[in-house]
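A short worksheet on the structure shown next.
Please read all numbers here as calculations on a predicted model, not as lab measurements. Residue indices begin at 1 and follow the sequence shown.
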Amino acid sequence: MEEKKSFFKENGIYIVLVIIVLLIKIFVVSPIRVNGASMNNTLYDKDIMILDEISYRFNDIKRFDIVVVETPDEYLIKRVVGLPGETIKYEDNILYINGKEVKENFTHKETKDFEAKVPEGKYFVLGDNRTNSSDSRIIGAVSKKQIKGKTSLIIFPFSRAGIVK
């Protein structure tokens, strides 16, 4: 019996740390890998990022957040462009929300003209590489339930590590 007490006394802190790390991994953040070129030149194929799975439990999804969307076949990393109930339009590579021009604070590839009404409770997501992206123009608007979290931190490759703006 004395051996058990000694073991827990000596190793208890490590056991607690392992449990905390596992809980954080399961419920708060996890690594996610970019698959494909749909977010070029912001993100690149095989970039490894940290997925924040808890923020949207307490905060609203914002325009231009980079999010991870669950589809039946895979997870997609895209940028939120349209919010519930909005009408979004691209004309001559300029974004209009409900008829008003909105400046984008990031670089993206040319966007062909289109217009879409975002249903209530849904979000319109696009890849930054607009000419090579399976996004809401193809898969339709996505629900909050499909959005697994947001990501803005590249952890690998180390040469690109840091916050994505």
Side-chain angles (χ1 to χ4, degrees), residues 24-157 160-165:
I24 289 172
K25 161 83 175 82
I26 292 168
F27 295 108
V28 181
V29 296
S30 61
I32 186 125
R33 190 171 88 171
V34 177
N35 186 16
S38 72
M39 285 297 290
N40 287 3
N41 288 336
T42 306
L43 305 173
Y44 293 93
D45 187 37
K46 296 188 178 45
D47 280 355
I48 298 176
M49 305 184 74
I50 294 295
L51 172 62
D52 172 357
E53 300 176 60
I54 199 163
S55 286
Y56 292 147
R57 294 182 190 168
F58 306 104
N59 300 304
D60 292 333
I61 297 169
K62 294 181 178 64
R63 186 180 333 281
F64 305 137
D65 282 355
I66 297 174
V67 298
V68 175
V69 177
E70 183 178 21
T71 69
D73 301 324
E74 61 185 328
Y75 287 97
L76 304 173
I77 298 178
K78 303 295 175 193
R79 190 179 298 272
V80 175
V81 175
L83 303 176
E86 294 181 334
T87 298
I88 67 165
K89 178 180 178 181
Y90 271 93
E91 186 172 24
D92 297 325
N93 214 35
I94 297 171
L95 171 64
Y96 296 90
I97 303 290
N98 297 328
K100 295 183 180 165
E101 183 178 341
V102 174
K103 295 286 182 195
E104 296 172 285
N105 57 357
F106 59 95
T107 304
H108 62 77
K109 304 279 179 151
E110 183 178 348
T111 309
K112 290 185 180 178
D113 293 355
F114 75 91
E115 186 170 350
K117 173 77 172 154
V118 184
E120 287 300 328
K122 302 274 187 162
Y123 297 84
F124 201 90
V125 297
L126 295 173
D128 288 356
N129 185 2
R130 308 285 167 81
T131 57
N132 184 20
S133 179
S134 293
D135 50 39
S136 287
R137 294 171 295 177
I138 296 167
I139 65 169
V142 298
S143 69
K144 187 171 184 175
K145 183 179 176 185
Q146 288 176 272
I147 297 175
K148 295 303 165 192
K150 70 179 183 173
T151 185
S152 62
L153 177 63
I154 298 171
I155 59 172
F156 188 82
R160 294 185 22 78
I163 301 289
V164 177
K165 298 199 178 307

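Sorted by first then second residue, the salt bridge (charged side-chain N to carboxylate O under 4.0 Å, His left out) pairs that include residues 144-154, not counting sequence neighbours, are Glu70-Lys148. Evaluation of the salt bridge (charged side-chain N to carboxylate O under 4.0 Å, His left out) test over residues 112-134, restricted to residues two or more places apart or in two chains, returns Arg79-Asp128, Glu104-Arg130.
To the nearest 0.5 Å, atom CD of residue Glu53 and atom CD1 of residue Ile147 are 13.5 Å apart. Taken to the nearest 0.5 Å, the OG atom of Ser55 stands 11.5 Å off from the CG atom of Asp60. Going from atom OH of Tyr56 over to atom NZ of Lys62 covers 7.5 Å, rounded to the nearest 0.5 Å. With values rounded to the nearest 0.5 angstrom, Thr111 atom OG1 is found 10.0 Å from Asn129 atom CG. Distance check, rounded to the nearest 0.5 Å: CE of Met39 to OG1 of Thr151 gives 9.5 Å. Separation of atoms CG (Leu76) and OG1 (Thr71) is listed at 4.5 Å; rounding is to 0.5 Å.
Between Phe64 and Phe106, the ring planes lie perpendicular to each other; the angle is over 60°, past the 30° to 60° tilted range.
In terms of heavy atoms, Asp52 sits closest to Ile54 at OD1-N, 3.0 Å. Contact detail for Leu51 and Gly149: the closest heavy-atom pair is CD1-C, 3.5 Å. Scanning both residues, Tyr90 and Leu126, for their nearest heavy atoms gives CE1-CD1, 3.8 Å. Heavy atoms only, all atoms of each residue included: Asn132 and Ala37 are closest at ND2-CB, 3.7 Å. Residues Ser133 and Ile138 come closest through the heavy atom pair O-CD1, 3.7 Å. Across all their heavy atoms, Tyr123 and Ser143 have their closest contact at CD1-C, 4.5 Å.
Between Met49 and Ile154, some side-chain heavy-atom pair lies under the 4.5 Å cut-off. Annotation: side chain of Val81 is not in contact with side chain of Asp135 (no heavy-atom distance under 4.5 Å).
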Intermediate values then yes/no, side chain to side chain contact (heavy atoms under 4.5 Å, CB included), Asp45 and Asn35: CA-CA 5 Å; Asp45 187 37; Asn35 186 16; 4.0 Å; yes
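In summary, the side chains of Asn40 and Thr42 do not present any donor paired with an acceptor at a separation below 3.5 Å, with no hydrogens or angles considered.
Panel note: side chain Lys78, backbone Ser134; a donor-acceptor pair is recorded below 3.5 Å.
Counted within 6.0 Å of CZ on Arg160, heavy atoms from surrounding residues, nucleotides or ligands total more than 12; the atom is thus considered enclosed.
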